[in-house]
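Written out below as structure tokens is the structure these notes cover.
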Amino acid sequence: MPGAVAAYRFGGSVLLSAVKRRAVRNALELKLRRCKGDALQAFLSALMVKIHGDNFIGTGTDYSQGDLKCDGLLYEPLTIFACYGPVNAGAHATEANMKKAVAKVGTDFEGARAKWPGMKEWRFVTNYIETPAQIINKVLELQQANLGRKVNIFGRSQFESAVFGLDEEDIDELLGPDATEEDFRSVQPQEILAVVKAVMAKPSTRTEDDAQPVVVPFEKLEFNGLHDAYQDRISKGFKNAKSVKELVGDNVDPLLEGELAAIYKAKYLELDSQGLEPGEIMDELYEFTLAGERATTPREVAVWSVLAFFFEKCTIFKDKPVTGDPVEEAA
């Protein structure tokens, strides 16, 4: 094989460096957290087509007849997929939501069994980062009651195994940027400026921001309830906070930093007032900062660097642990 090839298949998987594998795992977790509702079905279809080609077909919904309890299928052996993509991968699910999820496992399976009598295998596809025991228990119950069919969960571990079975080019196409430490060390100033320009161009209700420096508690990433994948991105972005400040501070408009801070503070308070979970808020801030542009690796690095700067500045997210006392939401 030519020496220029970056990845090789061995036993059905691609050999990647440890750094690349960590980056891919983080990118996959972020992808799953964002795959709520129909987005999970679309992601599953994109992955399965890469793996199985014409043997897999994604399904749409005929609104007069329903989807026949099938969110995608393999022709041989006939395998029916049922997708369930809760918001933010089911983080902090209430007891009522968990009961609803468990009930969905049962109704989706029974519906598929009735609509697809030749079904050999049924897979319950979720974006849970950690599959709840209640879901596992229900799937095992169905497996034991239907010994002639395989009944399985297709969750994070299965997504990860499938992704690592792809060529590196397909992985990048499927997951988008998986910026590494080296990418963050090589942040491109023009990308940061492009991000800033895009944010400034967005309509926004601004609040006052005094732009005064704030000492950021070391535990801020944790007590805001941000999961590891978000903590990883923000932590890497911290390394570029000084570059962001210098680029913004050197702008011909001396008020730019304060204006940007006011925009981000207003956006954060707007999202927080909606009762969104921290991961959902971070996703919304990411999309707000990306501003509809294509998420190339340099742009991804710039976006997270800008978010890290305003996180460190305590413009976004809480700067004190949540207690019984009133919480200061933003400095």
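Numbers here simply count residues along the sequence, with the first being 1. Bear in mind that the values here come from a model prediction, so they are computed numbers and not experimental data.
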Handout entry: SB check Lys20 Glu168 (cutoff 4.0 Å)
Key = yes
Exercise for the section: Could you tell me whether the side chain of Leu74 reaches within less than 4.5 Å of the side chain of His52, counting heavy atoms only? Expected result: yes
Exercise for the section: Test salt bridge (charged side-chain N to carboxylate O under 4.0 Å, His left out) on Arg156 and Glu130 and set out the steps. Expected result: CA-CA 7 Å; Arg156 179 184 181 178; Glu130 296 180 354; over 6 Å; no
Fill in the blank from the handout: On a heavy-atom basis, the closest approach of Val163 and Leu174 is CG2-CD2, 4.2 Å
Exercise for the section: Look at the side chain of Arg149 and the backbone N and O of Met119, then say whether any donor-acceptor pair between them is shorter than 3.5 Å. Expected result: yes
Exercise for the section: Rounded to the nearest 0.5 Å, what's the gap from CG on Asn26 to NE2 on His227? Could you check? Expected result: 13.5 Å
Exercise for the section: For Ala162 and Leu47, work out which heavy atoms get closest and say how close. Expected result: CB-CD2, 3.9 Å
Handout entry: Salt bridge flag under 4.0 Å for residues Arg33 and Glu280
Key = no
Practice task
Answer whether the closest heavy-atom distance between the side chains of Pro86 and Asn127 falls below 4.5 Å.
Solution key: yes
Problem - Pair Lys69-Glu110, salt bridge (charged side-chain N to carboxylate O under 4.0 Å, His left out): steps then yes or no - result: CA-CA 9 Å; Lys69 295 300 180 183; Glu110 295 301 334; over 6 Å; no
Exercise for the section: List the steps, then state whether side chain to side chain donor-acceptor pair (under 3.5 Å) holds for Thr94 with Asn97. Expected result: CA-CA 5 Å; Thr94 64; Asn97 285 339; 3.3 Å; yes
Problem - side chain to side chain contact (heavy atoms under 4.5 Å, CB included) assessment of Lys104 paired with Lys100 - result: CA-CA 6 Å; Lys104 180 173 173 57; Lys100 179 181 176 181; 5.8 Å; no
Handout entry: Minimum side-chain heavy-atom gap Phe56-Leu73 below 4.5 Å
Key = no
Handout entry: N/O donor-acceptor pair under 3.5 Å between Lys138 side chain and Ala101 backbone
Key = no
Handout entry: Trp122 side, atom CH2; Gln143 side, atom CD - distance, nearest 0.5 Å
Key = 11.0 Å
Handout entry: Donor-acceptor pair between Asn240 and Ser243 side chains, under 3.5 angstrom
Key = no
Practice task
Answer whether the closest heavy-atom distance between the side chains of Arg294 and Arg299 falls below 4.5 Å.
Solution key: no
Handout entry: CA sep, side-chain torsions, deciding dist, call: Leu285, Lys267, side chain to side chain contact (heavy atoms under 4.5 Å, CB included)
Key = CA-CA 8 Å; Leu285 289 172; Lys267 186 65 178 178; 3.8 Å; yes
Exercise for the section: Using a strict cut-off of less than 4.0 Å between a Lys/Arg side-chain nitrogen and an Asp/Glu carboxylate oxygen, indicate whether Glu29 and Lys31 qualify as a salt bridge. Expected result: no
Practice task
For residues Lys313 and Lys265, determine if any side-chain heavy atom of one lies less than 4.5 Å from a side-chain heavy atom of the other.
Solution key: no
Practice task
Report yes if some heavy atom in the side chain of Val196 is under 4.5 Å from a heavy atom in the side chain of Leu256; otherwise report no.
Solution key: yes
Exercise for the section: Indicate yes or no for a side-chain donor-acceptor contact from Glu121 to the backbone of Ile80 under 3.5 Å, with no hydrogens or angles considered. Expected result: no
Handout entry: Donor + acceptor pair across side chains of Asn55, Glu76 (<3.5 Å)
Key = no
Fill in the blank from the handout: Between Ile192 and Val306, the two heavy atoms sitting closest are CG2-CG2, 4.2 Å
Practice task
Report the distance from atom CD1 of Ile263 to atom CD of Glu259, rounding to the nearest 0.5 Å.
Solution key: 7.0 Å
Exercise for the section: Evaluate side chain to side chain contact (heavy atoms under 4.5 Å, CB included) for Ile136 paired with Leu140, printing each intermediate quantity in order. Expected result: CA-CA 6 Å; Ile136 296 172; Leu140 287 175; 4.1 Å; yes
Completion exercise
When Asp170, Asp172, Asp167 are each screened for salt bridge (Lys or Arg N to Asp or Glu O under 4.0 Å) with Lys50, the one that passes is Asp170
Exercise for the section: May I ask you to test the Trp116-Leu68 pair for a side-chain heavy-atom distance under 4.5 Å? Expected result: yes
Exercise for the section: Identify the two heavy atoms, one from Leu40 and one from Cys83, that lie closest to each other, and give their separation to 0.1 Å. Expected result: CD2-CB, 4.2 Å
Handout entry: Any side-chain donor near an acceptor of the partner, Ser235 and Asp232, under 3.5 Å
Key = no
Handout entry: Test: Glu300 and Arg233 ion pair at under 4.0 Å
Key = yes
Handout entry: Residue pair Tyr230, Leu307: steps toward the side chain to side chain contact (heavy atoms under 4.5 Å, CB included) verdict
Key = CA-CA 11 Å; Tyr230 299 101; Leu307 287 173; over 6 Å; no
Problem - Side-chain donor/acceptor of Asn146 to backbone N/O of Leu142, under 3.5 Å - result: yes
Practice task
Mark yes or no: Lys245 above the aromatic ring of Phe309, with NZ or CZ under 6.0 Å from the six-membered ring centre and no more than 45 degrees from the axis.
Solution key: no
Exercise for the section: Mind telling me whether Phe154 and Phe81 have parallel, tilted or perpendicular rings, with 30° and 60° as the class edges? Expected result: perpendicular
Practice task
Using the rule that two of Ile, Leu, Val, Met, Phe, Trp, Tyr join whenever any of their side-chain heavy atoms come within less than 4.5 Å, decide whether Ile51 and Phe43 are in one cluster.
Solution key: yes
Problem - Ser273 side chain to Leu271 backbone, donor-acceptor under 3.5 Å - result: no
Fill in the blank from the handout: Between the CG atom in Leu28 and the CZ atom in Arg21, the distance rounded to the nearest 0.5 Å is 11.5 Å
Problem - Same apolar cluster (I L V M F W Y, side chains within < 4.5 Å links), Val303/Leu247 - result: yes
Practice task
Identify the two heavy atoms, one from Val139 and one from Val151, that lie closest to each other, and give their separation to 0.1 Å.
Solution key: CG1-O, 3.8 Å
Exercise for the section: Please work out which of the three classes, parallel, tilted or perpendicular, describes the rings of Phe288 and Tyr264, given edges at 30° and 60°. Expected result: perpendicular
Handout entry: Residue pair Ser45 / Gln41, side-chain donor-acceptor N/O under 3.5 Å
Key = no
Exercise for the section: Answer yes or no: is there an ion pair linking Lys239 with Glu181, defined by an N-O contact shorter than 4.0 Å? Expected result: yes
Handout entry: Close side-chain approach of Lys99 to Glu95, heavy-atom, < 4.5 Å
Key = yes
Completion exercise
Output for pair (Asp71 CG, Arg123 CZ), nearest 0.5 Å, gives 14.0 Å
Handout entry: Thr296 side, atom OG1; Gln188 side, atom CD - distance, nearest 0.5 Å
Key = 8.0 Å
Practice task
Flag yes if Val301 and Phe238 sit in one hydrophobic cluster, no otherwise; membership is Ile, Leu, Val, Met, Phe, Trp, Tyr, and two members link when side-chain heavy atoms are under 4.5 Å apart.
Solution key: yes
Problem - Test of ring centre spacing under 6.0 Å for Tyr286 and Trp304 - result: yes
Practice task
Say whether Leu269 and Val199 are linked into one hydrophobic cluster, either directly or through other cluster members, by side-chain heavy-atom distances under 4.5 angstrom.
Solution key: yes
Problem - Path from Leu175 to Ile129 over hydrophobic side-chain contacts below 4.5 Å - result: yes
Exercise for the section: Over all heavy atoms of both residues, which pair between Leu226 and Gly279 is shortest? Give the atoms and the distance, please. Expected result: CD2-N, 4.4 Å
Handout entry: Between Asp54 and Tyr75, a side-chain donor and acceptor under 3.5 Å
Key = no
Practice task
Run the ring-centre check on Phe310 versus Phe317 and record whether the distance is less than 6.0 Å.
Solution key: no
